Amino acid sequence: MDYNFQDIEKKWRAFWAENKTFRAEDNSSKPKFYVLDMFPYPSGAGLHVGHPLGYIASDIYARYKRLQGFNVLHPMGYDSFGLPAEQYAIQTGQHPAVTTKTNIEGGVDNQGNKIAGYRNQLDIMGFSFDWDREVRTSSPDYYKWTQWIFKQLYNSYYDTKADKAQSIDMLIAEFDKNGNAEVNATHDCDITFSAEEWKAFSIKRKEEILQMYRLTFLADSWVNWCPALGTVLANDEVVNGVSERGGHPVEQKLMRQWSMRIKAYAERLLTGLDTIDWTDSIKDQQRNWIGKSVGAAVRFPLWRGTEGEDHKDLDPIEVFTTRPDTIFGVSFMVLAPEHPLVDQITTAEFAAGVAEYKKQASLKSERDRQADVKNITGQNTGAFAIHPFTGEKVQIWIGDYVLASYGTGAVMAVPCGDQRDWEFAKHFGIEISNIFEGKDISEGAYTEKDAVIANSDFLNGLPAPKAIKLAIYEIEKRGIGKGKTQYRLRDAVFSRQRYWGEPFPVYYKDETPYLVDDKHLPITLPEVDKYLPTEDGEPPLARAEKSAWNHFEGDRMEYNTMPGWAGSSWYFLRYMDPKNDNEFVAKEKVDYWQNVDLYIGGSEHATGHLLYARFWTKFLYDLGFVPFDEPFKKLINQGMILGTSAFIYVLSVKVKMKKGYQGTHYMAMLPWQVVIPKQMYLEFNDNKFNQTNQLLEELSKTDYLDESIEIDFESINKNNIRPYHISVSLVNSSSEVDIVELKDWLGYSADELDFSLIGDKYVVGHEVEKMSKSKYNVQTPDELVTKFGADTLRMYEMFLGPLEQAKPWDTKGINGVHNFLRKFWRLFNIDESGNAQLSNEAPSKEALKTLHKTIKKVGDDLDRFSFNTGVSNFMICANELTDQKCNNKQILEELVVLLSPYAPHVCEELWVKLGNEAGTLSYAKFPQFNEAHLVEANIAYPVSFNGKMRFKIELPTALTPKEVEAEVLAFEQTQKYLEGNTPKKVIVVPGKIVNVVM
RNA sequence: GCGGAUGUGGUGAAAUUGGUAGACACGCUAGACUUAGGAUCUAGUGCCGCGAGGUGUGUGGGUUCGAGUCCCUCCAUCCGCACCA
């Protein structure tokens, strides 16, 4: 009987769903294991072959752990709030909840497109998810608890002495008692008040102050505003100055926004990385993002004698430096052009220059400023500061290499020790003093920390590390500053001016925010007439009628919604207890399941989701809600599966009037778009114009031209060629596309293209790119499952190569994997009535050897997540057993268990055919490796001469190295390779190799 | 510029602790069979060479009896960060 994968897979999927085979038990004596995938955003495009890669790997691992006797939690859900559904809603008027539901559950959208549905697409892959635990971040049952966690953050501040989050009530009590002078907290409060002053503040004023301490707070802050998306974006959502989604321009705007005081956790987010098993690449990205630098904050007072101007009412300039040891090398200071002090200190003489420079700087976008690194610019202010140690006058400049947003927006410039300062000084002719013993600074700054300090008073003769410590000590002693650690990590903007997100559990009275009481949660999304901002520019929720809110309080509700990362920062906890209506997760459940043992997902979340989830976990840990402070113990980033795009090439040709027809003016006409052969495109790209001119001559014969116009050959060059994406589904295996089908696919845009240069077949160009709908290179798993079955697809995706590696999608090899499964099936000798014809005798020695070799290798491969080599080992095993004509039941039964994590459907079927109870395979025992079966009487020793392998010699395994040496030297071929030399030495590695040294 | 990763046949790749480089699969070549299939089977397939043999894991060097693997140098590709004081 043939391997009928379609019937088999359908049957077992139904069986698993009906029997809830993969239900995880919350109360179990078994050890737990938590395998998690990054849950998908359910887009209308559906799953492509890249999505399941990680899911297949995690599913294989989850099944493996079940066979090893673990109680496995392997859930799946949807990150179902987000921009695409909302954009779609704006276009079509359809409620995003409806679109989202269709995208998950399948159906037909209001454009008439059939949507397969994520759930159906996931189901056909045979994943062993416990679907009873599904979560959707957009479900009110879920976001009720996202709102609740927000409230906990609001009601907390970060106590830097206890190094943990504490209740805001403790802070208020302290304010009542002592004011804020002695408070150890992470905050943005720049005023000091006594208990009496605090008590005298109005409620509104008190709240304004508390906002500067709360872990989530409302503040006017500079945010990344994306006009095209109509919302603010977090720093990790802005890449190279444009929005991560859609690539729209982003500008800086001062707005009143909710933020998360993630800064408070900077140090713990950094040190926590050492305790988790993630790749160095992701850890480094997070370290980089947090950006810790250790140094000192130093105050430079302003010099007060500048030509009658008096600065005595101005604060000193505070700078941050990581090299306080070089403070005697300071020869000037540089402020960011936006620094608030600039206008106040600039002297009359330089006022015009400063104003001009500030204007120039403000015209440049942040991106331009970053791109233009080589060009040194700056402007003297005419003002001076006083060096806090030497008392000397130090010039104050402004320059846009100093960023207003980092540190204090001011630097003490040490040209001998910092290359940018050095270049600035050289450019403007400022003195460069050397404070390093025996270092040449004529060609550039000396930036290493291994120099000995000189010309620096009390620091003379000290190496940098010691000098740094002593300098900080002196700075603090003299009260001119203090040791300080600075982080690049900025507080994360937490509100979005969008509809399709979690509403805040917040209302306003007199423009002061208040939390909604727990008993009113969740605040559900109100209905609105349009998903667009109001005419006053308020977010879409401002459109909601008072009655549209399920709870309304105060003057108004909060109009912003939460960002995408809110729901995904804690979803792994909800899977443990998805239906709990009283708590976000029950204590005993989180105590049992603990944190995620294995997390698989893409590396694009390095500084977004993965950092925020760690932050929230640490916060929940501080408050005692969870017993661990890192969410994901081991993380594997699966590589992206890339698509192969297909291109046609379009040449834009200009035409001009021939001489004698209305003079020689260019005719204003539509560009003539000619589809050119790939060969021609390649020649153009190599600048081989001569050859292509022949093709262009053919062009000049086409109907498009008449006696009055001709091609303007001078306008033709490679910049006029545009590769044009076409659907890969049109292309056959020889890279050809049928022109009739192509025109049909292009629809009306085909009318704008001239196909006269090509025949009825066209050879397309290929390029490997990210899979995306707009590139028409998406391969869905569905059709492959229909053709080959899910078991084949699962194994094939693993067989492609190491999980972490990016790889282009190519179905060429899928037959090989499919053939393996057919070969495996044939081993069972299944007759026409469906019964396996197998031998019950004791297995042969060689079959046992093959089996145990495979058990060992496959088991080891799984332990190190080497899924691709696992597949190879199954193939080798099947090949060997076929050669051996093995039909032994005992052997095959163990193999079925071994293979079942990779190919669960066919193994369930065979398991039953072997006489086992349906559904018990998933909880069978993983085969036990027995080394005894691998022991052989003889071994074929490879014999090398000077490290070159020459021949093999079959010898008993039991021989001692001395005996092996004697056998090898006595062997007839040995003389030939010795070439008359006497061996100097013979190396024998027992069981491995012999090397004869001459 | 800094940090991380990766370089092995025509292709995807394997080699887990320094011990037979290229397993396994695709593709290709030749053949067999046939109910002509995306079927199966046999043999071959790193490169040069008729062969003996030589040569071969990005480059150049080193350590070692022995290096894809360890050390140093340089090159290329990809990813992240980037006047971060």
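All chains are named by letter (A, B, ...) in the order of the sequence lines, taking the proteins before the strands, and each is independently numbered beginning at 1. This one's a predicted model, so the numbers in the text were calculated from it and none came from an experiment. Heavy atoms only: backbone and side chains are in, while hydrogens, waters and symmetry mates are out.
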Relative to the 5' end of RNA chain B, which residue comes earlier, Tyr977(A) or Lys985(A), by the nucleotide with the nearest heavy atom?
Tyr977(A)
For the residue pair His609(A) and His605(A), does the interplanar ring angle fall in the parallel (under 30°), tilted (30 to 60°) or perpendicular (over 60°) class?
perpendicular
Base, sugar-phosphate, or nothing: which does Asn868(A) touch, judged by heavy atoms less than 4.0 Å apart?
sugar-phosphate
Rounding to an integer number of angstrom, what distance separates rG60(B) and rC74(B) when you compare their P atoms?
15 Å
Distance between the P atoms of rC47(B) and rA23(B), in whole angstroms?
13 Å
Hey, which sits more toward the 5' end of RNA chain B by its nearest nucleotide, Ser281(A) or Thr322(A)?
Ser281(A)
Where do Lys992(A) and Tyr941(A) come nearest, in terms of heavy atoms and distance?
N-CE2, 3.9 Å
Whole-Å distance between rU40(B) P and Trp825(A) CH2?
17 Å
So if I take every side-chain heavy atom of Lys807(A) and compare against rG54(B), rA13(B), rA39(B), which nucleotide ends up nearest?
rA13(B)
If you count the non-hydrogen atoms of other residues, nucleotides and ligands that lie under 6.0 Å from NZ in Lys849(A), is the total more than 12?
no
Please work out if Asp418(A) contacts a base, only the sugar-phosphate, or nothing of the nucleic acid, heavy-atom cut-off 4.0 Å.
nothing
Closest approach to the side chain of Ile876(A), judged atom by atom: which nucleotide of rA23(B), rA85(B), rC65(B) is it?
rA23(B)
If we call it a pair only when both distances are under 3.5 Å in a Watson-Crick or G-U wobble match, what pairs with rU34(B)?
none
If you compare all heavy atoms of Ala903(A) against all heavy atoms of Leu821(A), which two are closest, and at what distance to 0.1 Å?
CB-CD2, 4.1 Å
Compare side-chain N and O positions of Arg826(A) against OP1 and OP2 of rU40(B) and report whether any pair is under 4.0 Å apart.
no
On the nucleotide rC84(B), are OP1 or OP2 found under 4.0 Å from the side-chain N or O atoms that Asn288(A) carries?
no
Find the distance Lys948(A):NZ to rU20(B):C1' and express it as a whole number of Å.
12 Å
Contact class for Pro802(A) vs. all strands (heavy atom < 4.0 Å): base, sugar-phosphate, or nothing?
sugar-phosphate
Quick one: label Lys952(A) by what it contacts on the DNA or RNA (base, sugar-phosphate, nothing), any heavy atom closer than 4.0 Å.
base
Is the ring pair Phe951(A)/Phe945(A) parallel, tilted or perpendicular, if the boundaries are 30 and 60 degrees?
tilted
Tell me, do Phe332(A) and Pro415(A) make a side-chain contact under 4.5 Å, heavy atoms counted?
yes
Taking only side-chain nitrogens and oxygens of Arg488(A), does any of them come within less than 4.0 Å of OP1 or OP2 of rA82(B)?
yes
On a whole-Å scale, what distance lies between the C1' atoms belonging to rA5(B) and rG56(B)?
26 Å
Between rG19(B), rU20(B), rG3(B), which nucleotide gets closest to the side-chain atoms of Asp284(A)?
rG3(B)
rA23(B) C1' sits how many Å from Phe799(A) CZ, rounded?
10 Å
Give the nucleotide from the list rC83(B), rU16(B), rU20(B) with an atom nearest to the side chain of Met949(A).
rU20(B)
Using atom NZ of Lys856(A) as one end and atom P of rA15(B) as the other, report the distance to the nearest whole Å.
14 Å
Would the base of rC65(B) count as contacting Asn995(A) through its side chain, where contact means a donor and an acceptor less than 3.5 Å apart?
yes
pair_partner(rG49(B)), Watson-Crick or wobble, both distances < 3.5 Å, evaluates to none
Could a donor-acceptor pair under 3.5 angstrom be found where the side chain of Ser872(A) meets the base of rA23(B)?
yes
Pair partner, rC84(B) [Watson-Crick or wobble, under 3.5 Å]
none
C1' atoms of rC2(B) and rG53(B), separation to the nearest Å
50 Å
Evaluate the ring planes of Phe824(A) and Phe828(A), with Trp represented by its six-membered ring, and classify them as parallel (under 30°), tilted (30 to 60°) or perpendicular (over 60°).
perpendicular
Base, sugar-phosphate or nothing for Leu800(A)? Non-hydrogen atoms, less than 4.0 Å.
sugar-phosphate
Answer with base, sugar-phosphate or nothing: what part of the nucleic acid does Val411(A) contact at a heavy-atom distance below 4.0 Å?
base
Paired with rU69(B) by Watson-Crick or G-U wobble geometry, both distances under 3.5 Å: which nucleotide is it?
none
Evaluate Arg864(A) against Asp860(A) for salt bridge (charged side-chain N to carboxylate O under 4.0 Å, His left out), listing each step before the verdict.
CA-CA 6 Å; Arg864(A) 62 193 177 101; Asp860(A) 286 354; over 6 Å; no
For the side chain of Val989(A), starting at C-beta, report the closest nucleotide among rG19(B), rA15(B), rU40(B).
rG19(B)
Could you measure between the two C1' atoms, the one in rU59(B) and the one in rA14(B), and give it in whole Å?
24 Å
Using atom OH of Tyr902(A) as one end and atom C1' of rC24(B) as the other, report the distance to the nearest whole Å.
13 Å
For atom CZ of Phe332(A) and atom P of rA85(B), their distance in whole Å
16 Å
Search all heavy atoms of Ala410(A) against all heavy atoms of Val402(A) and return the closest pair with its distance.
N-CG1, 3.9 Å
Parallel, tilted or perpendicular, as decided by the 30° and 60° cut-offs, for the rings of Trp397(A) and Phe424(A):
perpendicular
Give the rounded distance in Å between these two atoms: OH of Tyr406(A) and P of rC84(B).
9 Å
Looking at rC84(B), rG19(B), rU40(B), which one has an atom nearest to any side-chain atom of Ile987(A)?
rG19(B)
With a 3.5 Å limit on both atom pairs, tell me what rG44(B) is paired to, counting Watson-Crick and G-U wobble, or say none.
rC28(B)
Has Ser293(A) got a side-chain N or O lying under 4.0 Å from the OP1 or OP2 atom of rA85(B)?
yes
Atom-to-atom span, CG of Asp883(A) to P of rC41(B) - whole angstrom
10 Å
Watson-Crick or G-U wobble mate for rA14(B), both contacts under 3.5 Å:
none
With both distances kept under 3.5 Å, what pairs with rU6(B), Watson-Crick or G-U wobble?
rA76(B)
Per the O4'-C1'-N9-C4 / O4'-C1'-N1-C2 angle with a 90° window around 0, rG62(B) comes out anti
I'd like the P distance from rC71(B) over to rG27(B), given in whole Å.
39 Å
Base, sugar-phosphate, or nothing for Asp421(A), non-hydrogen atoms under 4.0 angstrom?
nothing
Which whole number of Å gives the distance between the C1' atom of rA21(B) and that of rG46(B)?
10 Å
Taking the P atom in each of rU6(B) and rU55(B), what is the distance between them to the nearest angstrom?
30 Å
Between the base of rG38(B) and the side chain of Lys787(A), is one N or O donor paired with an acceptor at under 3.5 angstrom?
yes
Ignoring backbone atoms, test whether Gln805(A) places a side-chain nitrogen or oxygen under 4.0 Å from the OP1 or OP2 oxygen of rA5(B).
no
Pick base, sugar-phosphate or nothing for Asn879(A), based on heavy-atom distances below 4.0 Å to the nucleic acid.
sugar-phosphate
